[in-house]
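Here's the structure, in structure tokens; my notes come after.
Every heavy atom of this structure was used, including side-chain atoms; hydrogens, water molecules and symmetry mates were not. The sequence lines fix the lettering, A, B, ..., with proteins before strands; numbering per chain opens at 1.
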2 protein chains.
Amino acid sequence: MAIRPAEQLIHKAAWLYYAHGLRQDEVASQLNISRASVAMYLRKARETGIVNISTSTQLFTDDVMARRLEDAFDLDAVWIAPENGYLADPSTDIAVLAASVFLELVKKGDRIGVAWGRTVYTIADIMSYADLQDVTVVQLCGNLGAPYSYRPDQCTMEIARRLNAKGLNFYAPLVLSTEGLAQGLRAEPVIRDQLAGIADCNLALYSVGAVDADSHLVKCGALSAAEMETLRRQGAAGVIAGQIIDAGGEVLDCSYNRRVISAELASLRAIEKRLMVVQEDTKFEPLLAAIAGGLCTHLVVGAHMAERLLQHAGAATKKAS
Amino acid sequence: MAIRPAEQLIHKAAWLYYAHGLRQDEVASQLNISRASVAMYLRKARETGIVNISTSTQLFTDDVMARRLEDAFDLDAVWIAPENGYLADPSTDIAVLAASVFLELVKKGDRIGVAWGRTVYTIADIMSYADLQDVTVVQLCGNLGAPYSYRPDQCTMEIARRLNAKGLNFYAPLVLSTEGLAQGLRAEPVIRDQLAGIADCNLALYSVGAVDADSHLVKCGALSAAEMETLRRQGAAGVIAGQIIDAGGEVLDCSYNRRVISAELASLRAIEKRLMVVQEDTKFEPLLAAIAGGLCTHLVVGAHMAERLLQHAGAATKKAS
DNA sequence: AGGCAAATTTGACTTTTGTCGAGAGCCGTG
DNA sequence: CACGGCTCTCGACAAAAGTCAAATTTGCCT
């Protein structure tokens with residue numbers, strides 16, 4: 001009787017165990033299989049998202065600081081991961097929180113835009129599985145070459161896989177060598193459609209990049225460290241979906257940006273829920289720029305960053321009055 | 001350090017255990033408490049709905065029969081509980097399924113109308129806890145006297161409690177002795193407002209009652225068995241939220257109905273999602289009436305009932321052609 | 001301050017669950 | 001048709017989680 005145990009058995013086992021509250025051995029006898037098999041099915045059920053175990057992220061929004069941040073920056077919701085944390089690595093804590101928040105925000109039928117970066121990939125990596133229907137995950141920006149393990153298309157696909165959703169990849173390089181070529185490529189029907197479809201998303205997940213030599217753009221060879229430094233002097237404040245933004249959160253007027261194939265900021269702003277996750281404390285300026293540009297309605301940060309943001313807001317208010 | 005462990009510790013424990021995947025003893029040492037306490041906190045977290053364990057009800061809608069029912073009766077979604085079931089009591093299976101489906105349908109900010117009956121109470125009783133915010137549970141019909149353990153207000157309150165929602169009870173008797181008094185009471189501002197508010201719900205949970213001596217209406221003394229029998233001869237086909245409906249799903253024109261304080265059928269039909277759950281196979285005619293009256297968009301039934309419904313639909317189609 | 005009741009915590013114990021390697025059935029291939 | 005390779009299954013052991021009564025702490029009333 002070693003036919004494909006199929007979803008059927010997994011479902012039944014999960015149902016009896018989690019919904020009816022039977023013990024594993026009871027489930028086993030009901031289904032006429034060994035308890036060990038039941039245990040295995042249950043693990044699969046969890047891994048497939050047939051059962052969903054989620055913990056309320058309430059605690060992290062309930063924080064007074066989170067409320068004050070929401071008010072100060074006019075954000076829809078803020079989650080703050082305690083930094084003094086119980087965990088070795090605080091940035092993991094942020095990612096875990098972000099993953100939970102993300103899953104809480106996703107609904108059936110959603111269309112989700114996903115950008116790229118270490119943060120996003122970390123989140124994808126620890127995110128638990130879910131069994132959403134009718135969900136599409138679209139890639140927000142072009143691809144980058146090989147050496148990185150977290151390429152844009154991988155981020156997209158991994159998240160789509162975890163959600164049991166459809167992944168819509170972007171088959172174009174992130175950055176081209178001439179502006180003309182970029183322009184031509186953007187006009188290509190395939191690419192144009194995909195770019196146009198981004199504004200139809202109702203949820204976006206991204207982080208913001210720093211303008212320094214550690215940036216992915218540099219590491220991937222899209223820009224040299226020197227070029228990056230030059231851009232910084234010209235007013236570059238952060239990186240969003242592969243594009244350089246200034247302190248006001250607008251696209252910086254520079255050759256690089258004109259050579260990039262990525263979501264227009266206007267499209268991003270058209271997305272209802274824009275979840276931004278920032279792990280590194282060093283990304284203070286970039287985050288400010290992103291917020292200023294209205295690129296973020298939902299925010300997940302660490303306690304340390306939250307404090308800095310509040311201080312900044314306080315200072316700005318004082319100066320204004 | 002035995003201060004009020006409050007939600008705080010429960011949250012932290014749940015977070016570390018469920019989101020980060022630590023073991024109970026690891027959580028215990030992180031939090032400097034004993035593992036036994038952690039186990040207790042986790043139980044509380046589950047009971048409070050701080051963590052949510054839900055199993056996909058996919059399997060039960062995926063059924064071919066469910067699809068055919070949806071088509072035949074023009075319903076939005078149908079779930080069928082396998083009757084040959086693994087479980088001793090098939091009706092429990094229906095209730096468990098109904099509870100899962102219900103929880104899947106509820107969203108933050110919802111306003112939920114709940115009627116009354118053994119079925120509804122059973123569902124409330126086995127429904128797992130959730131931590132919804134901004135949810136209101138409103139009672140759809142007036143109250144009935146003492147002897148019953150599942151009074152309308154209890155159904156409402158129990159479900160509200162499980163959801164961590166606000167319960168809005170209905171402080172009026174279900175049925176009065178004269179039509180005039182009922183009319184007067186319905187005109188009372190308090191009552192009028194509540195009745196008017198029913199149409200604002202976006203989710204309703206109810207069952208349908210049979211027109212026989214076993215009906216709650218008889219058991220509670222609202223009607224005598226003889227009166228019920230008379231009504232049946234006059235065309236009564238079922239009971240919805242305390243009101244008698246005919247085979248077409250309309251309010252039966254009778255004195256009893258005029259003496260009832262309950263949601264108008266028009267208000268019920270205004271509710272976006274109307275989840276009807278039927279446990280007993282004997283309620284075939286009542287269910288047909290309810291469907292005919294458009295009182296149900298989402299349906300949970302047992303396999304046996306599903307078959308009868310399909311047969312009926314098939315016969316009707318054949319007759320029509 | 002004293003003392004009682006309720007709530008919380010803990011250690012020790014039992015039950016339940018997770019895991020691993022061995023065995024059994026299935027299938028395409030040489 | 002024999003042969004690995006594959007997946008599924010099971011039994012037995014180890015690990016983890018659940019439970020309980022006793023001990024401790026807390027809050028509160030007199």
Rounded to the Å, how far apart are [X] [atom1] and [N] [atom2]?
{"X": "Lys44(B)", "N": "dG18(D)", "atom1": "NZ", "atom2": "C1'", "value": "16 Å"}
{"X": "Glu26(B)", "N": "dA17(D)", "atom1": "CD", "atom2": "C1'", "value": "14 Å"}
{"X": "Ile33(A)", "N": "dA24(C)", "atom1": "CD1", "atom2": "C1'", "value": "16 Å"}
{"X": "Asp25(B)", "N": "dA12(C)", "atom1": "CG", "atom2": "C1'", "value": "16 Å"}
{"X": "Leu22(A)", "N": "dT15(C)", "atom1": "CG", "atom2": "P", "value": "19 Å"}
{"X": "Tyr41(A)", "N": "dC8(D)", "atom1": "OH", "atom2": "C1'", "value": "7 Å"}
{"X": "Tyr17(A)", "N": "dA17(D)", "atom1": "OH", "atom2": "P", "value": "11 Å"}

Check your understanding: DNA chain C: Arg23(A) or Ser34(B), which has the more 5' nearest nucleotide?
Key -> Ser34(B)

Check your understanding: In terms of side-chain heavy atoms of Arg35(B), which of dG18(D), dC10(D), dT19(D) is nearest?
Key -> dG18(D)

**Study point:** Nearest-neighbour nucleotide for the Arg43(A) side chain, dT9(C), dT19(C), dT19(D) considered
**Key:** dT19(C)

Exercise for review: Could you tell me whether Trp116(B) and Tyr206(B) have their ring centroids closer than 6.0 angstrom?
Suggested key: no

Review point. Any Lys/Arg nitrogen of Glu26(B) or Arg35(B) sitting under 4.0 Å from an Asp/Glu carboxylate oxygen of the other?
Key: no

Exercise for review: Kindly say if Gln24(A) contacts the phosphate of dT15(C), meaning a side-chain N or O under 4.0 Å from OP1 or OP2.
Suggested key: no

Review point. Are Ile112(B) and Thr136(B) close enough, and set up right, to give a side chain to side chain contact (heavy atoms under 4.5 Å, CB included), and what steps lead you there?
Key: CA-CA 6 Å; Ile112(B) 306 163; Thr136(B) 312; over 6 Å; no

